[in-house]
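Each remark here refers to the structure printed beneath this line.
Keep in mind the model is a prediction, meaning the values are calculated, not measured.
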Amino acid sequence: KQWYQRRVAITAGGCEGSLCSLGDTSLIKWEVDSNVREHGSCELPKRSSPVSLRWNPHSNGNQVGVASDQHIRLHDLRTMKCTTILDNAHSQTVRDLDFNPNRQVFRFS
């Protein structure tokens, strides 16, 4: 089975030893120590085209943002469920997203 990961996000603190990867149809959390192993995954909407993945710096490594098409989704990595959807955040495709390291409520896309 051939597959590849579009994006990889490595946490900058809070949840050391973890990384997330974004494939065509899934978000995967990996645990990294002496080995790399899948810790959890969730399916993304079938018609979406995910383009960006970012850790939320205010969540202790428990939340990532995923940009796909015109939408932004926030996923809780403890439950591997989507917690927030910003439908039609842009009139055209979202190219990238990031979190403000100084304020919890501001996201940039």
Euclidean distance, Ser68 OG relative to Leu22 CG, rounded to 0.5 Å: 8.5 Å
Glu38: partners by side-chain contact (heavy atoms from CB on, under 4.5 Å), with sequence neighbours left out: Ile28, Trp30, Ser41
Check: Asn62 main-chain N/O paired with Asn60 side-chain donor or acceptor under 3.5 Å: no
Backbone of Leu77 reached by a side-chain donor or acceptor of His39 within 3.5 Å: no
Approximate separation, where rounding is to 0.5 Å, of Arg78 CZ and Asp76 CG: 4.0 Å
Which atom of Trp55 lies closest to which atom of Phe99, heavy atoms considered: O-CD1, 3.2 Å
Thr83 side chain near Leu74 side chain, heavy-atom distance below 4.5 Å: yes
side-chain contact (heavy atoms from CB on, under 4.5 Å) evaluation trace for Asn56 with Val64: CA-CA 5 Å; Asn56 181 346; Val64 293; over 6 Å; no
Under 3.5 Å side-chain donor-acceptor pair for Ser52 and Asp96: yes
Other residues, nucleotides, ligands: >12 heavy atoms within 6.0 Å of Gln92 CD: no
Cys42 vs Lys81, side-chain contact (heavy atoms from CB on, under 4.5 Å): CA-CA, chis, key distance, verdict: CA-CA 7 Å; Cys42 66; Lys81 298 205 184 292; over 6 Å; no
Test item: Asp69 side-chain N/O and His71 main-chain N/O as donor-acceptor pair under 3.5 Å: no
Reported CG-to-CD1 distance for the pair Asp87 and Ile72, which is rounded to 0.5 angstrom: 10.5 Å
Interatomic distance, Ile85 atom CD1 to His75 atom NE2 [nearest 0.5 angstrom]: 8.0 Å
Non-hydrogen atoms of Leu27 and Cys20 that approach each other most closely: CD1-CB, 4.4 Å
Arg73 side chain to Val66 backbone, donor-acceptor under 3.5 Å: no
Heavy-atom pair of closest approach, residues Pro57 and Pro101: CG-CA, 4.2 Å
Straight-line distance of Met80 CE to Glu43 CD, nearest 0.5 Å: 10.0 Å
